[in-house]
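Report on one structure; see the data block that follows.
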Protein chains: 2
Amino acid sequence: MNGSVKAVTGTDARRERWDGHRADRRREFVEAALRVLESGGTDLPMEAVAAQAGVTKPVLYRYFADKAALVDALAERGSQILLSRLMPAINSDGPALARIRAAVGAYFAVIDEHPDLYRLLARRPGTDGAQASTERDKELISTTLTAVISDALCRFGLGSGGAEPWAHGVTGLVHSTGEWWLRRRSMSRTRVVEYVTALIWSAFTGILREGGIVLGPQDPVPACRVPAAGRPAGTGSPPALDPAAGPIPGGGTG
Amino acid sequence: MNGSVKAVTGTDARRERWDGHRADRRREFVEAALRVLESGGTDLPMEAVAAQAGVTKPVLYRYFADKAALVDALAERGSQILLSRLMPAINSDGPALARIRAAVGAYFAVIDEHPDLYRLLARRPGTDGAQASTERDKELISTTLTAVISDALCRFGLGSGGAEPWAHGVTGLVHSTGEWWLRRRSMSRTRVVEYVTALIWSAFTGILREGGIVLGPQDPVPACRVPAAGRPAGTGSPPALDPAAGPIPGGGTG
DNA sequence: AGTAACTGTTACTTCAAGTCACATACCGTC
DNA sequence: GACGGTATGTGACTTGAAGTAACAGTTACT
């Protein structure tokens, strides 16, 4: 009889049996790596990861070409964790300020829960240098933020040329403050969050104000529909801040 | 006769002969390392540095305990280069906006000239982790900025409690945008500088505005006298941005 | 039974960091 | 002029982690 898979699909079922299994296995190792990070310290020896997963190095190397690949996977995991907390906050309804505060709060909550992962990804060991997947995680976040900012600017009828640099800027702002806070913890989390929120809020409203728009803390902004991934940024010019050096309306004395 | 040093100072002159020589020698190696960075790539093998200096490893190791120490020295050098361009810009006279622009411009000019050094210091290899001189350079810059911001806030009669987180935030803002720009160079330098300046300017004026002070692009701020090193930040609370909402919604506990 | 895909192991190579043992040069002291 | 303290330098080593090679067992489809 031929209930045999081969007869039905035309391929040897011994091949397909394992499809998708790789992904599971990789996840296992990522979990193991996370456990090593939690217990261990700042570095992440491959041997320890393998041991934590209950096997030896060569097995690990069957699923990750090298250490950079593992760290990459960790980065992706980290980004997922972060974005899954960040996006609901950013996309929540409510006034803009509350959303910024929620997003910043979520960010600090995440790094508070996963300090080791954060530190690992912050300064990549293993990712030696330039080309190979340079910081796909931060890039992913910045890209997402680019879309959000770009969207917001468009809604106010402003050029979105600044979206990309500003997204990277804000990402770095939060990131650096986060690193500093983790290192020192010289103030409560709610307090840092409040300070960071104030800074971003000021920056945001200030940019709008340059475009002639005044936004109050309670004013709503239509929720962003985040597009699939960041468009490379639209067009527009940097605001001509300095009335002496160019056009643009009545100096910031609003 | 005894023109001998020992007779005069009480110590063997064979000891003092070398005082201060170490510093010179270390400088030599730092130069060599810079040359390696320029020609080579992203990594910095000790052997290459030694070779570049015309000697072998053990000699290098007589002046630097380990690689981290060398990188530290490079970081210090980098900070010096950066601060020597940054501080005149920040402390120049002229309106606040112009000074911010000059400072941001100086920053980008420096990283444009020393991209490899910048990249090395951005993600420290060798500095394994926690304790040993964690990023003395960025810390130094942030500390200096803390002083500047703190000073500025005081001049406007505002609490300086936010100076430290904001300093780290702004440092990170510029840093991240710089990294992104170096990687991509998708816009001209003057353009990024303008965008970053706009963001910082907005943040700055916004913070002042929360304190009831309106600052225009042309308005001067008394030049900062920068104290020797950053005071640990003063006192004050985060601005209560949201008159309606009391405590924090997002993120959970502090 | 034969075999394609996995499972896993021990033992190796490689490479850079860092150390050891040893040899030489300068120059002030005696 | 011999002595010796501080430097100069080298080649050969050790160590540790990344990554590889060769080999052996298991499962389930053909």
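Residue numbers start from 1 in every chain, and the chains themselves are labelled A, B, ... in the order their sequence lines are given, proteins ahead of strands. The figures here come from the full heavy-atom set of this structure, side chains too, leaving out hydrogens, waters and symmetry mates.
In this structure, the ring of Y195(A) has its center no less than 6.0 angstrom from the ring center of H168(B).
A sub-4.0 Å separation between OP1 or OP2 of dT8(D) and a side-chain N or O of Y63(B) is present. Within the 4.0 Å cut-off from OP1 or OP2 of dA5(C), not a single side-chain nitrogen or oxygen of R25(A) is found. Contact annotation: R22(A) does not reach the phosphate of dA5(C) (side-chain N/O to OP1 or OP2, under 4.0 Å).
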What is the per-nucleotide protein-contact pattern of nucleotides 10-21 of chain D, from the 5' end, where B denotes a base atom under 4.0 Å from a protein heavy atom, S denotes such proximity for sugar-phosphate atoms only, and - denotes neither? BB------BBBB

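Between E31(B) and R77(B) a salt bridge is recorded (basic side-chain N to carboxylate O distance below 4.0 Å). The pair R183(A)-E139(B) meets the salt-bridge criterion, since a charged nitrogen lies less than 4.0 angstrom from a carboxylate oxygen.
The aromatic rings of F64(A) and F29(A) sit perpendicular to each other, their planes meeting at more than 60°, with 30° as the lower class boundary.
Straight-line distance from the CD atom of E28(B) to the P atom of dA7(D): 15 Å, rounded to whole Å. Atom CZ of F29(B) is separated from atom C1' of dG9(D) by 11 Å (rounded to the nearest Å).
Judged purely by atom type and a 3.5 angstrom limit, R99(A) uses its side chain to pair as donor or acceptor with the backbone of S92(A).
Counting non-hydrogen atoms under 4.0 angstrom, F64(B) reaches nothing in the nucleic acid.
Heavy-atom neighbours of Q80(B) CD from other residues, nucleotides or ligands within 6.0 Å: above the threshold of 12.
Side-chain contact between V170(B) and L173(A): absent, with no pair of heavy atoms (C-beta onward) separated by less than 4.5 Å.
When the local axes at the two ends of the helix from dA1(C)-dT30(D) to dC30(C)-dG1(D) are compared, using 5 base pairs at each end, they differ in direction by 30° after rounding to 10°.
Screening E113(B), E179(B), H175(B) for a side-chain hydrogen bond (donor to acceptor under 3.5 Å, both in side chains) involving Y118(B) leaves a single residue, H175(B).
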